[in-house]
Structure formats: C-alpha cells, structure tokens
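One structure is given below, encoded as structure tokens.
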Amino acid sequence: MIKILVGAVTLVSLLMPIQASAEEEPKASAEALLHQMDEASRDLSYELSYILIKKNSIEPLRYRHAVEDGKTYAHLIYLSGPPREVIQRGREVSYFEPGLDPFTIDSNKMVAPLPPVMKTNIHELSDFYDFISMGRAREAGVACDVIRVAPKDGTRYSYLLWVDTRSHLVMRADLLDRDGEPLEQYRAVSYVVNPKVGEVLKNLSTVDLPAVVQLPPQPQADLGWSVNWLPQGFESVSRNRHRLVLTERPVESKMYSDGLFSLSIYVSDADNYTVREQLVRQGRRTLHSHVLGGKEVTVVGDIPPATARRIAESIAFVDSPIVSPTTEGTKP
C-alpha cells in the first residue's frame, strides 16, 4: 500500500491555518483566488507535469494547454504503462487507449485525470461550497495560496488546493473525506508557462485524428421512479433505459452533477441473484445498492457512503415495471 500523504504532512497541518508573515501584502479573498485559478487554467499556455496519488497507486502524467487563434488545444499523456493519451482540438476530443480503437467525440472538456476545479464554474459552486483561505505554503518549489473548498451541507467531499501565487495554476489538490482523511492527491512536479507551448500545440491542427463519432440523440426517458432527496446543487444531467451488456438485464438510470462531483442512480427488477444490500468504497468512488419494493436500487458516485445510502433510500416508485428498452437509450 502506498501511503497517500507524501512527506511529513499531518492532518492537523492540513486543516490548521498557515501563518503568513506580517510583511506580506493583503491577499485576495479565497473566492477571488479561485476565479484567478480558473482564468489561468483556461487562458495560459503552459505545461504541467504531475503525479496522481491514490491509496494503492501513483500515476505520472503530463498536461499541455494553450489557446491559439481563439481555439483551445490540449494534450494529456500518461507517462508510465501502456501508451495512453487524450488530445483536445477545439470542440473535438480524441482518446487513445490500449485495446480500443481511437475515437473522437464532440466536446469541450476532457474526461481524464486532471487536477480538479480546473475549468469549473466557481460562481455556481459558491452557492453550495464555502471557500476558506488557509494561508500560504510552498509546493512544487513555489509559494502558494492554500484554499479549502468545503461543502456547506457536509454531505460530500472537500478539496484542499495549493494555487501558485504568480501563475495561479494548481500545484496540488487533496481530496478529503468527511473526516479530513485524504482519498487522493494531485501534486505538480514541474511546470512552465510559456507562449512556445502554444506554438507546439498548434501543430495539432495538422494532425490526422479519428473522425468525430456521430452519437444518436438520447431522448430523456420518462422513468417510473423519482428521487426525493439529493444534496443541494445536484442537477439532472441525463436519464435513459438500456440493457446491461453481459446479462441483457433492463436498467433505468439517472445521472446528476453539482459541477464538481457526479453520481448515477440505477434501478432494475430484483431477482434471485440480487444482493439485498451492498456497500463498497474504493477511493473517491462509492457504490451502494439495496432492494426496495422488489427493485434493486444502486447509487454510484464520488460521494460519501452515508450520502449514497440516503439517496438510495429516498427513491419512490410509481406502480410500473422496469420497461425493456426499445428505441430509448443505448447499451453502455
């Protein structure tokens, strides 16, 4: 097992304010600093090498980003193991994974292990999270403002962020559970802010990438159940019906997000093989399932186990069976 905290950093030191010297100039508010971080991550030409540390693994990555002629270019590459990379060129994001044919989708955001809160709507998050200044510290060789992003209702995880005082890029991000214990860390090893990064990335405009996959429209299925409780700020992203790939079992699902974390709810008819109750947490991801009214309800997401349980127990059913999908939804 790899210890999640690198170096002699204790929980007390994470949560206690970091004293600044009397000679320092007054600093901007925590929310203003996060807005500066958001602008820097969107607008600067930079290269960031970092490691993603989990309970039992360390993943080294390199991320390059630039905006050239009003178009965003980005390149994420995994630095160990089988070759893997993600390329963004405007609203086209291409994925290269071992064992899969390369593909491109129409999107303005990578689905990849990037430092959190980057390119997130800070103004919307402020309705459901407190932004707390924790002083200053040193990370990746530079002075950083330390900010805690904590949920106002205590029903989800929080982040502790180290933001470079000069470039305003994230140098470190710790995901903390409700007890303040770290679940994972993003830690910068080196970085550079330079217009030449943009010149290099602009060459992606001439690279032959896979054609954009034309996905069929996903109708919002009218499902026979509702969710009576969610943490504040979680909004519906999608809903559909589909069949599980291996068992062909019909399932109805809904996906929600608060802009920082996401979760999905799956409902299917219970059978003789259904486990009556199950709770699994692996790092940031929680899976909770139980049987309710002859249906198996499963909640999966980046949320604490107690929150997943409460969501699952709030499901209310209309007197209707789980309908087998026809034209609604697609197989995952």
Side-chain angles (χ1 to χ4, degrees), residues 1-19 29-31 33-34 37-38 41 50-59 61 113-120 122 124-140 144-164 169-188 230-234 257-263 279-288 299-311:
M1 298 286 284
I2 296 173
K3 193 170 180 62
I4 187 74
L5 289 180
V6 178
V9 181
T10 65
L11 176 60
V12 174
S13 66
L14 287 177
L15 300 184
M16 291 296 291
I18 302 167
Q19 298 298 322
S29 69
E31 183 170 352
L33 289 171
L34 290 179
M37 178 205 68
D38 179 52
S41 66
Y50 60 96
I51 53 175
L52 172 57
I53 308 170
K54 299 182 180 180
K55 292 286 185 182
N56 57 359
S57 67
I58 294 180
E59 186 86 70
L61 304 106
L114 293 170
V117 192
M118 290 173 56
K119 302 184 180 180
T120 300
I122 302 299
E124 290 183 359
L125 288 182
S126 66
D127 292 335
F128 314 108
Y129 291 86
D130 290 320
F131 306 136
I132 306 165
S133 177
M134 305 295 287
R136 281 188 174 171
R138 188 167 175 269
E139 190 68 32
C144 295
D145 291 300
V146 184
I147 305 164
R148 186 168 185 181
V149 179
K152 294 181 177 181
D153 58 9
T155 61
R156 58 204 107 179
Y157 299 134
S158 61
Y159 274 108
L160 201 61
L161 306 174
W162 282 251
V163 181
D164 180 16
L169 294 174
V170 178
M171 295 291 104
R172 174 175 168 182
D174 289 7
L175 176 66
L176 306 177
D177 66 14
R178 295 170 66 185
D179 297 323
E181 294 294 331
L183 298 174
E184 65 182 31
Q185 293 179 324
Y186 294 80
R187 301 192 72 163
L230 285 167
Q232 289 188 347
F234 275 91
S257 174
D258 70 347
L260 190 55
F261 299 107
S262 61
L263 64 92
L279 175 62
V280 179
R281 193 182 86 169
Q282 185 174 8
R284 64 188 294 154
R285 185 61 53 90
T286 294
L287 181 151
H288 174 80
V299 178
V300 182
D302 301 329
I303 52 177
T307 302
R309 180 189 296 273
R310 185 174 177 185
I311 293 171

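Predicted model only: the values in this text are computed from it and were never measured.
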Which residues pass the side chain to side chain donor-acceptor pair (under 3.5 Å) test with [X], sequence neighbours left out?
{"X": "Arg138", "result": "none"}
{"X": "Thr155", "result": "Asp153"}
{"X": "Asp38", "result": "Arg42"}
{"X": "Arg310", "result": "none"}

According to side-chain contact (heavy atoms from CB on, under 4.5 Å), who are the partners of [X], at least two apart in sequence or on a separate chain?
{"X": "Glu59", "answer": "Leu52, Leu61, Tyr78, Ser80, Arg84"}
{"X": "Asp177", "answer": "Tyr157, Asp179, Glu181, Leu183, Arg281"}
{"X": "Ser257", "answer": "Val237, Ser262"}
{"X": "Ala308", "answer": "Thr286, His288, Val299, Ile303"}

Evaluate Leu33 against Val163 for side-chain contact (heavy atoms from CB on, under 4.5 Å), listing each step before the verdict. CA-CA 8 Å; Leu33 289 171; Val163 181; 5.8 Å; no
Please assess Tyr186 against Leu114 for the test side-chain contact (heavy atoms from CB on, under 4.5 Å), listing each intermediate value before the final yes or no. CA-CA 8 Å; Tyr186 294 80; Leu114 293 170; 5.7 Å; no
Can you measure from [atom1] ([X]) to [atom2] ([Y]) and round to the nearest 0.5 angstrom?
{"X": "Arg156", "Y": "Gln232", "atom1": "CZ", "atom2": "CD", "result": "7.5 Å"}
{"X": "Thr307", "Y": "Asp302", "atom1": "OG1", "atom2": "CG", "result": "12.0 Å"}
{"X": "Leu160", "Y": "Ile132", "atom1": "CG", "atom2": "CD1", "result": "9.5 Å"}
{"X": "Leu175", "Y": "Lys54", "atom1": "CG", "atom2": "NZ", "result": "10.5 Å"}
{"X": "Gln282", "Y": "Lys55", "atom1": "CD", "atom2": "NZ", "result": "12.0 Å"}
{"X": "Arg285", "Y": "Leu263", "atom1": "CZ", "atom2": "CG", "result": "10.0 Å"}

Could you walk me through whether Val149 and Leu34 pass side-chain contact (heavy atoms from CB on, under 4.5 Å), step by step? CA-CA 10 Å; Val149 179; Leu34 290 179; 4.1 Å; yes
List the atom of [X], the atom of [Y], and the distance in Å for their closest heavy-atom pair.
{"X": "Leu176", "Y": "Pro182", "result": "CD2-CA, 3.8 Å"}
{"X": "Ala306", "Y": "Arg178", "result": "CB-NH1, 3.4 Å"}
{"X": "Ser158", "Y": "Ala150", "result": "CB-CA, 3.8 Å"}
{"X": "Leu161", "Y": "Ala173", "result": "CD2-CB, 3.6 Å"}
{"X": "Leu260", "Y": "Asp258", "result": "N-OD1, 2.9 Å"}
{"X": "Ala30", "Y": "Ser133", "result": "CB-N, 3.8 Å"}

Assess whether side-chain contact (heavy atoms from CB on, under 4.5 Å) is satisfied between Val170 and Tyr50, documenting all intermediate values. CA-CA 10 Å; Val170 178; Tyr50 60 96; over 6 Å; no
Counterpart residues, ring pair (Phe, Tyr, Trp, His ring centres under 6.0 Å), relative to Phe128 (two or more places apart):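 Listed in chain order: nothing, the list is empty.
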Using ring pair (Phe, Tyr, Trp, His ring centres under 6.0 Å) as the criterion, list what pairs up with Phe261, not counting sequence neighbours.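 If we apply the ring pair (Phe, Tyr, Trp, His ring centres under 6.0 Å) test to Phe261, skipping adjacent residues, the hits are Tyr159.
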For Asp164, what residues pass the salt bridge (charged side-chain N to carboxylate O under 4.0 Å, His left out) criterion, not counting sequence neighbours? none
By salt bridge (charged side-chain N to carboxylate O under 4.0 Å, His left out), Glu31 pairs with (sequence neighbours left out) none
Is the backbone of Gln185 close enough, under 3.5 Å, to the side chain of Arg172 for a donor and an acceptor to pair up by distance? no
